[in-house]
2 protein chains.
Amino acid sequence: MAAAAAVSISTASKALNDTGRMGSETRERVKRIAAEIGYRPNALARGLLSKRSFTIGLLTNDTYGRFTLPVMAGISDALVDHGVSVFLCAIEDDPALAQIHVDAMLDKQVDGIIATGKRLDRRLPVDLSNLHVPVVYAFTEGTQNSVTFRSDDEQGARLAVEWLVKIGRRRIAHITGPEDFFSVRERAGAYHEVAGHREPVLYGVWSESWGHDAVEQLWKRSGEKPDALFCGNDQIARGAVDALRERGVKVPHDVSVIGFDNWEIVAAQTRPPLTTVDMELKELGRQAGLTVLALAEGRPVEPGVRKLPCRLIVRQSCGGEAPKE
Amino acid sequence: MAAAAAVSISTASKALNDTGRMGSETRERVKRIAAEIGYRPNALARGLLSKRSFTIGLLTNDTYGRFTLPVMAGISDALVDHGVSVFLCAIEDDPALAQIHVDAMLDKQVDGIIATGKRLDRRLPVDLSNLHVPVVYAFTEGTQNSVTFRSDDEQGARLAVEWLVKIGRRRIAHITGPEDFFSVRERAGAYHEVAGHREPVLYGVWSESWGHDAVEQLWKRSGEKPDALFCGNDQIARGAVDALRERGVKVPHDVSVIGFDNWEIVAAQTRPPLTTVDMELKELGRQAGLTVLALAEGRPVEPGVRKLPCRLIVRQSCGGEAPKE
DNA sequence: GTGATCTGAGAAAAGCTTTTACCAATCCTT
DNA sequence: AAGGATTGGTAAAAGCTTTTCTCAGATCAC
C-alpha cells in the first residue's frame, strides 16, 4: 500500500483522487511515490464501495463471430477510455448456458449487459428484462421499453438498388435468404420500392451455392436476362459471381452484382471484389456501449429502437465508378 | 442480505458454503431461504478476501477473430464450469492500447491472462513476463519459462501429405504463404519429408488470388502437371480450386486439393468442399484455460511449448474416400 | 492576548463476504 | 452430579478503498 511507503492511509486516497484538502506538497509527494512503486488501486475494493465495477457483459449467440466481433470492437473502442472491461459470453442458443453466464456476470457486479445476436428478429434464449442492471440490445430483438440498436436494412437495401439504378441498370433481380428473416423482408420491400416489380425476388438460403443456383435459374429462363443482381448477403453474391463467370457473363460489364454485409473475407476476395452494403456494426457497438454506460451512470436514455444507417462500399463488381478503397 | 431474512450473518455464510458446524435443520433453512429470495454472494467482496476474482483476461491482436474465436470458445467452455468469466481485449498491434487493457485487467485482479494471436512466431506488442499473475500463451510466441500452447503444424502437414500419398497421388505440389512465417517453413519441411522434392514449393501470400495465380504458374510450365495440391491455407486452396475449374481440370478426379485451417466459411463453401487440416484451436483454448486456472490455484505446471496435434477433415476435394462429415 | 476560523491530516465507518475466535448451552463420563 | 467435551451459533477481524468526521495546530481578527 502506498500509505506505508509515504505517510498515512486515507490521505493517500485523497491525494491520488484529487479530493479532500491537504498541502499541495504532500499531495505531490504521495502521487510521486505512488507512481514510483507502481501503485494501482484494487478495483474490487473500489467497486465494492462505489457499486460500480467498470465491467460490462456482452452476451452473444453468434458462434462464428461474424456479427459479434465488429460489435465487440465498437464496444471496446468506446469504453476502454472509460476504464470499462468487457466480459464476452458466447452462448450457443443454450438457455442453461446462457443463464450460467448471466448469473456469473451478475455475481461479478457488471454495470450492464449488452445482448447481441446474429438475427434482428430473434431473442436470445434468456430473459434479461427484469435484471437490476441496465440491458441494451444490439442486433437482436429487445424487450418492451428497452433500448435496441439495429441496422437500417431498408435504407441499406435502398442504397444498393439506387446505386444500381444510378449506374444505368434496369433489370435488377434480387437473390436473397429465407423469407422468414425480418431483414430479408425489409430488404426485399425496399428493393421493390426502388426497382419496381420487373424482376422476381428469389428467396433461398444464406449460402454461396444458393447464389450459384439462383443464377442458373435466372439464366435458364427464356427472355431477357437481368443486368444487375442485388444479393441478400456477400456469400450469395459470391456464388452468383462465380456462376456468371462460368456462364461467360462478364461482371461488371454485362451484369452488376452487389452484396450485403461487407464481410471482408468474402467480399474482398471475390473476383471482382464485391460492391456491398456495410451495416456499420462497429459504430452500432460503439453506440450500444456508450448507451449502457449512460444507463449505468443513471443518465436518462429514451427507450426504443434506433436504426443506424448502412453505408455502400463500392468495389469493382458494379462498374460505374472508380472504387473508393 | 440473507442473514436478515433468516437469522444471523456469519452463520449464513457457513450454511451456504457447507463449512463450520451447525444444526442440519438450520443449514437447510438458510439454504432454502437464500434460494427463495434469490440471494447470490457478491463476487467482488468475496474476491477481495480470497484473492481470487474468478476472472481471466484474453488478450489478442487477431482482428478478424479467425484464430481468437475458436480459442475463446475453448477457454470459455473449459472455465465456465469453474465460475470463471473472461475479459476479451482486442489490441490492434497497438502497444499503448495493449498496456491500457493489461492495466485495466490487473486492476480488476484477474486471476490470469491468456495471450493469443494470429501468428505462432510473433509476440504481442506488450511485455507480460513480469506480471504477478500467471500468463499462458496460446497460438502466439511466449517468453522464456512460460507455458505456450501451439498447433503441431509439422504433424498437420504430414497428415495432409500422407493422405494424398495414400490415395495414390505422386506429383504433389505445395502452394503456401510467405516464407518468413515459421509455420510455413514447418509445413514445407514436413511436405518435403513426406513428398520428396519432385515438385516445387510456391511461396506467396495468404490470399485466394495467390492460389489462383500459383495454379496458373504450375499449369503454364511444360511437362507433367501435379496430380495434387497441398495448400498452405484454405483461402489459397480455394483460389487454386477455382483456377483449376476454369482450366477444365476436374477436382478431385484429376487433381486432389487439400487446404489448411478448416475455416468453415471458406472450406465448406468451396466447390467441392475442401479436405483440410484442422488445428483444433478450440481444444487448444480449452487446455490453455485449464492451465491458467491451475497456475492461478498454485498448482505446478511445467513450463515449455506444448504442441497439439492437428486433425484431418476429409471432404470432397481429394477423393479417395467417402467424407466423414 | 483570546476566541473564532482555517487548514492539514489522521481516525473511523461502510461496503460484503469469509474465517477465526469465542461463548453459552447442551451432552457425556464416571 | 460435576467437570470436561461437544454443539450451535454469534461477534469480530480482515481484505482494500473511499468518504465523512474529528482534532490539533496555526492563522486571523479585534
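Just so it is clear: chains get the letters A, B, ... in the order the sequence lines come, proteins before strands, and each one is counted from 1. All values derive from a computational prediction rather than experimental measurement.
- Rounded to an integer number of Å, the gap from B:R46 CZ to D:dC16 C1' is 18 Å.
- Of the side-chain N and O atoms in A:Y39, none sit less than 4.0 angstrom from OP1 or OP2 of D:dC16.
- Within the 4.0 Å cut-off from OP1 or OP2 of D:dT17, not a single side-chain nitrogen or oxygen of A:N17 is found.
- No more than 12 heavy-atom neighbours from other residues, nucleotides or ligands sit within 6.0 angstrom of CG on B:N130.
- Sorted by first and then second residue, the pairs that involve residues 286-305 of chain A and meet side chain to side chain donor-acceptor pair (under 3.5 Å), not counting sequence neighbours, are A:D77-A:R286, A:E283-A:R286, A:E283-A:Q287, A:E297-A:R299.
- The one candidate from B:R123, B:R119, B:K118 that meets the salt bridge (Lys or Arg N to Asp or Glu O under 4.0 Å) condition with B:D121 is B:R119.
- Under the 4.5 Å side-chain criterion, counting only non-hydrogen atoms from C-beta, B:M72 is in contact with B:V86.
- Under the 3.5 Å distance criterion, with hydrogens and angles disregarded, no donor-acceptor pair is assigned to the side chains of B:T60 and B:D62.
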Checklist outcome for this item: Per-nucleotide protein contact along nucleotides 8-14 of chain D, 5' to 3', at a 4.0 Å heavy-atom cut-off (B base, S sugar-phosphate only, - neither), is BBBBB-B
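- Using the six-membered ring where Trp is involved, A:W206 and A:F181 have ring planes that are perpendicular, over 60° apart on the 30 and 60° scheme.
- Separating the CG atom of A:D18 from the C1' atom of D:dT18 is a distance of 14 Å, rounded to the nearest angstrom.
- When the P atom of C:dT19 is taken as reference, atom CG of B:L16 falls 12 Å away, rounded to whole Å.
- Put simply, CG on B:L48 is 12 Å from P on D:dT18, counting in whole angstrom units.
- C:dT17 atom C1' lies 8 Å from atom CG of B:N42, rounded to whole Å.
- A:T19 and A:N17 form no side-chain donor-acceptor contact under 3.5 Å, judged by distance and modelled atom types alone.
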Next on the checklist: For a side chain to side chain contact (heavy atoms under 4.5 Å, CB included) check, start with the C-alpha distance between A:V71 and A:K282, then their side-chain angles and the critical distance, and finish with the verdict.
Outcome noted: CA-CA 5 Å; A:V71 171; A:K282 188 168 179 181; over 6 Å; no
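- For DNA chain D, no neighbouring residue in residues 99-112 of chain A is found when judged by any heavy atom under 4.0 Å.
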